Amino acid sequence: MKQKEIMFANLIADLVVEKLHNDFAFKLMDESIEEEEEKLSINDLLNDKYSFKEEKEEKLIGELARLTTLLIMYEEKELYEKAAIIKNKIRIINKKLNND
């Protein structure tokens, strides 16, 4: 980048940050309030202290995301047979999502 382009990019970034700062009130939480609230830790989640049940649709969407990632990887590696299998699975999940 040329020096003028860098200066222009910095000016734009400064204006965006200033606009965000002016439009949104960023408030720091009072520590005493935070201590009163129950804190959620990763250990609590792993030990099933809180139960989060996925719905069927959420599971299907997660699987769709995973399969889409695999499809892209297989196509980049030119593994077209595997990509065709994944496409078929994606098609089945899309049908299930559209029918629910």
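Worth knowing before you read on, the calculation uses all heavy atoms, side chains too, and leaves out hydrogens, waters and symmetry mates. Since the structure is predicted, the reported quantities are computational estimates derived from the model, not experimental observations.
- With values rounded to the nearest 0.5 angstrom, Ile90 atom CD1 is found 6.0 Å from Leu64 atom CG.
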Residues 80-87 side chain polar contacts: donor-acceptor under 3.5 Å, at least two apart:
none

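- In this structure, Ile92 is not a member of the same hydrophobic cluster as Leu70, with clusters built from ILVMFWY side-chain heavy atoms closer than 4.5 Å.
- Put simply, the side chain of Lys59 does not reach to within 4.5 Å of the side chain of Lys56, judged on heavy atoms.
- Proximity of a side-chain donor or acceptor of Glu58 to a complementary backbone N or O of Glu55 within less than 3.5 Å is detected.
- Within the model, atoms CD of Glu63 and OG1 of Thr68 stand 9.5 Å from one another, a figure rounded to the nearest 0.5 Å.
- Rounded to the nearest 0.5 Å, atoms NZ (Lys96) and CZ (Arg91) are 14.5 Å apart.
- With sequence neighbours excluded, the residues forming a side chain to side chain contact (heavy atoms under 4.5 Å, CB included) with Ile61 are Glu57, Leu97, listed by chain and number.
- One finds the CD1 atom of Ile72 at 11.5 Å from the CG atom of Leu67 (value rounded to the nearest 0.5 Å).
- Note that OG1 of Thr69 and CE of Met73 are 8.0 Å apart. Values are rounded to the nearest 0.5 Å.
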